[in-house]
Each structure stands twice: as structure tokens, then as C-alpha cells.
There are 2 protein chains.
Amino acid sequence: MEQKQSKKMFVQIVKQLRELIATQQIKPGEKLPSERVLCEQLNVGRSSVREALRSLELLGLIETRHGGGTFLADVGQHKLVEILSSFILQGTKSVDDVNATREMHEREAIRIICRNDSLRNLPIWDSLFISIELQDEVIREYLLRECIIASGNRLALKIWMQLVAYSMNILKNYVTEEEKEVLQVLLKSIQMGYEEEAIEAYDDWMHHLQTIT
Amino acid sequence: MEQKQSKKMFVQIVKQLRELIATQQIKPGEKLPSERVLCEQLNVGRSSVREALRSLELLGLIETRHGGGTFLADVGQHKLVEILSSFILQGTKSVDDVNATREMHEREAIRIICRNDSLRNLPIWDSLFISIELQDEVIREYLLRECIIASGNRLALKIWMQLVAYSMNILKNYVTEEEKEVLQVLLKSIQMGYEEEAIEAYDDWMHHLQTIT
DNA sequence: ATAACAAAACTGGTCAGACCACTTTTGTTA
DNA sequence: TAACAAAAGTGGTCTGACCAGTTTTGTTAT
């Protein structure tokens, strides 16, 4: 209904939710006010409240139970990621460290996937395999993101995304035929569960990207 | 309107959006179908589509221009970082994720050390080897810290310290004879540069710690 | 008094329609 | 051909409605 700031409403609501959680001292695992209460309290429509809540849910910050309510995600605090991001934003001039850490996350994700049958057999790998043929640039980050997501470690995903936000950029060239082959080897290895081959393919890939730029 | 899967609708839509982006080869910076088109195309209500889009927007994966349209994010913008981090202080998902991430750092450090002759030959390993005979509890984190430090990635060290501070708990028992042996195998493997054996020893170690608690 | 159970109230999930504000396209005019 | 105004398109938000679960409440039978 209002919102002086010209910013996105649902982002404003996210902020207000944070304040609300702080002031009312809602701890992880505890219940948040219902959507309808929040509407009235924040003086906005329910859809806006829901957009904010759904965003936070996708981030894993809240948990929702149909008919039950909305709860602050479990687990203690300690501003791990906050400090992390401040570290990143200040830029320690060691881009190499950021890249190395990012690659560590990616390798680990690949390893986890290789070792888990159900993860290996996800349909996403097939569709990615096909996408590679269709030549595009997105595929690189998209593939890696899928790997991290599939690995199931949401903390790692969050860290990784920040690392990417910090360093991912150089990857702006076309995907060469050579690179395509490497990527397909990587995907095939993942699907077969050949961990070492997958890692090797990944390393090849990264090396290949470095030589380009 | 439907959505066979029992999962959250907006998550389903996120998935379908991913597929759509893949199949239609939408590249960063390019435009996505309008919300109203997506409604009809996916056969769902506009609110559901918006909940999915807003989630992706908060993640920084898409960009929205009022009156203009929705676009696949161009790499580089990271409001994600602030929003995420400022809210993340409520804690991320599970302790498991923190531990898994911590272990990833530790394994990676071990690998790096194994592959680098000068790191392998650091005198610290010998002194640690001896210390194991004497010390009792401190040695665990101390050994791991030395590994991370030796690996030379300062960002990783910073992250690791946060993770340890976050999940400091399990490491509170006495070091058994059995554990000492595992640790010595680990150190020996590191010194010899036997990467896989070192990782195996590390995994044994972690498994051993879990069975204790 | 208490246990069991059914009804009511509450809560999230989804949809439809209506406006508003802003941008892009289109068509007309100078 | 350039300039500009109208129209169409698109995101932003609100309201109200209904459904489907969960929690609370109240009544009844033991």
C-alpha cells in the first residue's frame, strides 16, 4: 500500500521481516506470524508477503508447513556467511584464492554426485549433455550450478554463489568444440560414477578455460 | 492448476523455468517470456509464477525491469550477497552442511599438500607426528589447522575457521590409540605424497570421530 | 474427571480479476 | 523523415475467493 522506498516491495518486506525477527527475538525453529497477520502488520497485500516468504524459503532461511505455519529455519546462528561475504567484498586481492576455493566446491560437488547413484541418474545431466551441442555460453555456469545444487549442500551452494559473484566473469567466450568434448566427458563420467575421470575432466576444463583467457 | 508432484508449486515452476531457459537457449541478458505468457504456458496462476520469479530475482539469477520485462541475469551483479548475508545470520540449514563443508576444506588442503613436494616436506608434519604420542585433545584441530594453513589458501583458512567456530563440538573426547594410528597414517601418507591414502586415512578418522559421539 | 472424537478456526497454496505505473511499440502527423 | 502521441505490453500490488492441510476447541461418551 505504501513503501516510501522506490525499491522492490518484496525486498522491503524481506528487510522488515528481518527486523521483526530481531525485535521479537524469534529464534530458529520458532514460528513466524501467519501470512495474513503479516499483511496487516506490514500494511501490504498477501501476495507481496508471499513473494518475500517464498524467496526466503528458496534460500533455505525459512521453512513452511502447509496448514501449520511458517518457521524460521532451524540450526543455530553465527554469522558465518556474513563475515565471509564481507571478506569477499573487501577483496583480499588474492583472486587466486577465490578461484581455488570455488573450484574446490565444484570438485567436491562432482565427487559427491559420482558417489551417489540417485544423483548420478538425475535427468538434468542428460539435458545438459544435449544443451552442450546447442552451443551457448550460459552452459558453463549453469552446469556448475546444477552440480552444486545436486550435491545437496545448501551452505556450500551459498558460499559458492558468492564466490561466483566475486570472480565469475572471464568466461565470456564461445564454447569451442574441444571444450564441448571435455564437458561431455565430464557429464558422462558423472553419470557412470567414474569419480576420478570426472575430476580429471573437470581439471582439463578449468585448464582449458585458463589458456583461453 | 495442477502439478502432479507433491512438492511446492513455485519450486516446480523454478525447475520448469530452468528447462525453458535451457531448451530455448536464453542467454544472460536476454528476455524471458512475460509473466502472463508463462502463466498460460505452464498452466498456473500468475501469483505462482511471480513467487518463482521473485525467488530467482532474490538469488540474483534474473533481473526485472518494471514495464520492460524479465531478463536472465547478466553476470556481475551481486545484491544477492548483501541480502543473503544480512539475513543469513539466522543460520543456514543444517549442521550436516557445515560439517560437510568443513571436511571438504580439510580434504582439499590435504590433497594440495600431497601434490606439492615442498609442502609435503615441511617439518611441521614430523613434529605433529611426535606430538600425537603426547597430546590428547588439542591435536585434532591443531593438525587440521596446520593443513589448511599449509595449503596456502587464506580465504579457505578464513572460511574454515568460521566453520570450526560454528560446529565446534564433536572434538571433545580423548584421543584413543586407534585414532592415533589413523592420524599417523595420515601424516605419513602426506609426507610420502600418497594422496589417496591420505584422503582415505582422513575419511577413516572422521568416521571414527562420528562413531565416538 | 477424563479420554475420544467431531466441529470449528486457523494457516498455507493457488487462482482470478482488477488497477496502477512504467516501457515499448505503433500509428499518425508535421 | 522526424517527432510525438496513442495504444499495447509488462511488471507491481491488492483484494477476494476457494481449497487443503493443521491446530485448537468444544462436546460427548465412558
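Within every chain, numbering begins at 1; the chains are lettered A, B, ... in the order of the sequence lines, protein sequences first and strands thereafter. The basis for the numbers below is simple: all heavy atoms, side chains too, and nothing from hydrogens, waters or symmetry mates.
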Q) When rounded to the nearest 0.5 angstrom, what is the spacing between CG in B:Asp204 and CD in B:Glu179? A) 11.5 Å

Q) Pick the nucleotide of DNA chain D nearest each of A:Arg65 and A:Arg36; which residue has the one closer to the 5' end? A) A:Arg36

Q: Evaluate the criterion salt bridge (Lys or Arg N to Asp or Glu O under 4.0 Å) for residue pair A:Glu178 and A:Lys180; output intermediate values, then yes/no.
A: CA-CA 5 Å; A:Glu178 185 186 0; A:Lys180 282 187 184 178; over 6 Å; no

(Q) Can you see whether A:Asn153 engages A:Ser151 through a side-chain donor-acceptor pair at a distance of less than 3.5 angstrom? (A) no

Q.
Looking only at the side chains, is there a donor atom on one of A:Thr64 and A:Arg54 sitting less than 3.5 Å from an acceptor on the other?
A. yes

Among [options], find the nucleotide with the atom closest to the side chain of [X].
{"X": "A:Ser48", "options": "D:dG12, D:dT13, C:dT14", "value": "D:dT13"}
{"X": "A:Val44", "options": "D:dG11, D:dC14, D:dA20", "value": "D:dC14"}
{"X": "B:Glu51", "options": "D:dT13, C:dT14, C:dC19", "value": "C:dT14"}
{"X": "B:Ser47", "options": "C:dA16, D:dC14, C:dT14", "value": "C:dA16"}

Whole angstrom is fine here: how far is it from [atom1] in [X] over to [atom2] in [N]?
{"X": "B:Phe71", "N": "D:dG9", "atom1": "CZ", "atom2": "C1'", "result": "12 Å"}
{"X": "A:Leu32", "N": "C:dC10", "atom1": "CG", "atom2": "P", "result": "19 Å"}
{"X": "B:Glu63", "N": "D:dG11", "atom1": "CD", "atom2": "P", "result": "13 Å"}
{"X": "A:Asn43", "N": "D:dG12", "atom1": "CG", "atom2": "C1'", "result": "16 Å"}
{"X": "B:Phe10", "N": "C:dT14", "atom1": "CZ", "atom2": "P", "result": "9 Å"}
{"X": "B:Ile62", "N": "D:dG12", "atom1": "CD1", "atom2": "C1'", "result": "14 Å"}
{"X": "A:Glu35", "N": "D:dT22", "atom1": "CD", "atom2": "P", "result": "16 Å"}
{"X": "B:Leu42", "N": "C:dA16", "atom1": "CG", "atom2": "P", "result": "13 Å"}

Q.
Using only modelled atom types and a 3.5 angstrom limit, is any donor from either the side chain of B:Arg46 or the base of D:dG12 paired with an acceptor on the other?
A. yes

Q.
Let's test your reading of the model: under 3.5 Å, does the base of C:dG12 pair with the side chain of A:His66 as donor and acceptor?
A. yes

Q. How would you list all residue pairs meeting salt bridge (Lys or Arg N to Asp or Glu O under 4.0 Å) that involve residues 118-131 of chain A, not counting sequence neighbours?
A. A:Asp117-A:Arg120

Q) With respect to the phosphate group of C:dG13, does any side-chain polar atom (N or O) of A:Arg54 fall under 4.0 Å of OP1 or OP2? A) yes

**Q.** Phosphate OP1/OP2 of C:dG12 contacted by A:Arg50 side-chain N/O (<4.0 Å)
**A.** no

Q) 5'-most contact on DNA chain C: A:Gly68 or B:Lys31, nearest heavy atom basis? A) A:Gly68

Q. Side chains of A:Leu42 and A:Gln16: closer than 4.5 Å at any heavy-atom pair?
A. yes

Q | Residue pair B:Ser55 / A:Ser55, side-chain heavy-atom distance below 4.5 Å | A | yes

Q. Using Watson-Crick and G-U wobble pairs with both distances under 3.5 Å, what is the 5'-to-3' dot-bracket string of DNA chain C, with [ ] for crossing pairs and | for pairs outside the strand?
A. ||||||||||||||||||||||||||||||

Q. Among all residues two or more places apart in sequence or in another chain, which pass the side chain to side chain contact (heavy atoms under 4.5 Å, CB included) test with A:Glu103?
A. A:Glu106, A:Arg107, A:Tyr202, A:Met206, A:Gln210

